[in-house]
Amino acid sequence: MSDQQKPLRLRKRHSSGGQENVTIADGERLVDAQSIRNAIVAGLIIVVVFSVFWVALTTLLNQVFPWFTVALGFLLGYAIRLAGRGVDWRFPALAAVLAMAGSLFANIVVAASVTAEELGTGTLLVLQSVTSMTWPVFFDEVLTIADAFYAVVSAGFAAFYANRKLTRTQYYALRLWRGEKND
C-alpha cells in the first residue's frame with residue numbers, strides 16, 4: 001500500500017509505531033501539574049453557580065426539574081478535569097463526592113426558593129430560618145428516591161469526566177514514571 005491518501009479511505013489515526021523520546025521526567029511533570037486545591041475550588045464554584053442557575057430556572061419556569069442534577073455531574077467532571085489536571089484516583093473520587101454534596105446542596109436551595117416564593121419572602125431568609133426540626137421534614141417530604149438516584153448518576157458522570165485525557169505519549173511517560181517509582 002502506498003503512503004498517498006486514498007479518496008475512500010479513512011484517515012490514519014495511529015502513527016507508524018515508532019516510539020518517541022519519552023523520559024521519566026515527562027511523567028513526573030504530568031504528576032507535578034496536578035492540583036487538588038484548584039480542583040476543589042473549581043468544583044465549589046460550579047456547585048454554587050449551578051445552584052443559582054437552577055433556582056433561576058425553577059423560578060422562571062415555575063417548575064422543578066429533579067433530573068437537572070445530572071447536568072451538575074457533567075459540569076463538575078469537566079471543571080475538575082480542566083482545573084485539577086489530575087491523572088490519579090483522587091480526582092474522580094473528589095468529583096463524585098462533590099457531585100453528591102452539590103446535588104444535596106442544590107436541592108436544599110431550590111426547596112428553599114420554592115418555599116420562599118410560597119411564603120412571599122426571600123430565599124436567604126428561609127435558609128437562615130432552618131432549625132433542627134426543619135431537616136426531618138425536608139428529608140421526608142422534599143427529597144425522594146429519585147433525587148438520590150439522580151445524585152448517584154451525577155456522581156458517576158462527574159467521576160467519569162474528572163480525569164485528564166492523555167495522549168499515547170503522555171500515558172507512556174506516566175507509566176514509565178510509575179514503574180520507576182515502584183522499583
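Numbers for residues simply follow the sequence, beginning at 1. Note that this is a predicted model, so its numbers are computed, not measured.
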Review item, side-chain donor-acceptor pairs of residues 117-127, under 3.5 Å, at least two apart:
none

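Here salt bridge (Lys or Arg N to Asp or Glu O under 4.0 Å) pairs that include residues 147-167, with residues two or more places apart or in two chains, number zero. Here side-chain hydrogen bond (donor to acceptor under 3.5 Å, both in side chains) pairs that include residues 36-53, with residues two or more places apart or in two chains, are S35-N38. The salt bridge (Lys or Arg N to Asp or Glu O under 4.0 Å) contacts involving residues 85-110 comprise D88-R90, where partners must be two or more places apart or lie in separate chains. Screening residues 75-103 for ring-ring contact (aromatic ring centres under 6.0 Å, His included), with sequence neighbours left out, gives Y78-Y161.
Remark: D26 CG to N21 CG distance equals 9.5 Å, nearest 0.5 Å. Taking CZ of F68 as the start and CZ of F50 as the end, the distance is 5.0 Å to the nearest 0.5 Å. Here CZ of R175 is found 15.0 Å from CD of Q170. Values are rounded to the nearest 0.5 Å. Atom-to-atom distance recorded for F65:CZ and T58:OG1 is 7.5 Å, nearest 0.5 angstrom. Expressed to the nearest 0.5 Å, how far CG of L174 lies from OG1 of T169 amounts to 12.5 Å.
Looking only at side-chain heavy atoms (C-beta outward), V87 and L166 come within less than 4.5 Å of each other. Between T69 and W54, some side-chain heavy-atom pair lies under the 4.5 Å cut-off. Counting heavy atoms from C-beta on, the side chains of I108 and F138 come closer than 4.5 Å. Side-chain contact between V64 and V110 is present, with heavy atoms from C-beta onward closer than 4.5 Å.
Residue A158 comes nearest to L76 through the heavy atom pair CB-CB, 4.3 Å, listed as atom of the first residue, atom of the second, then distance. Across A162 and A95, no two heavy atoms sit closer than the pair CB-CB, 3.6 Å. Across all non-hydrogen atoms, the minimal contact from P66 to Y150 is O-CD1, 3.4 Å.
For Y171, the OH atom sits in a loose shell: 12 or fewer heavy atoms of surrounding residues, nucleotides or ligands are nearer than 6.0 Å. At most 12 non-hydrogen atoms from other residues, nucleotides or ligands lie less than 6.0 angstrom from CZ of F149. The number of heavy-atom neighbours closer than 6.0 Å to CG of L61, taken from other residues, nucleotides and ligands shown, is above 12.
Residues I80 and V97 fall into different hydrophobic clusters, defined by Ile, Leu, Val, Met, Phe, Trp and Tyr side chains chained together at heavy-atom separations under 4.5 Å. Criterion: ILVMFWY side-chain heavy atoms under 4.5 Å apart, direct or through other members. Under it, V70 and V109 are part of a common hydrophobic cluster. Grouping the Ile, Leu, Val, Met, Phe, Trp and Tyr side chains by contacts below 4.5 angstrom, directly or via other members, places V152 apart from V142. At a threshold of 4.5 Å between side-chain heavy atoms, the hydrophobic network of Ile, Leu, Val, Met, Phe, Trp and Tyr places W67 and L57 in one connected group. Under a hydrophobic clustering in which Ile, Leu, Val, Met, Phe, Trp and Tyr are joined whenever their side-chain heavy atoms come within less than 4.5 Å, directly or via other members, L143 and M100 fall into different clusters.
Contacts of L60 classified as side chain to side chain contact (heavy atoms under 4.5 Å, CB included), with partners at least two apart in sequence or in another chain: none.
Between S154 and the choices L75, L72, L98, the side chain to side chain contact (heavy atoms under 4.5 Å, CB included) rule is met once, by L72.
Between the Q34 side chain and the V31 main chain, a donor and an acceptor come within less than 3.5 Å of each other. No side-chain donor-acceptor contact under 3.5 Å links S103 to the backbone of A151. Judged purely by atom type and a 3.5 angstrom limit, N107 has no side-chain atom pairing as donor or acceptor with the backbone of L104.
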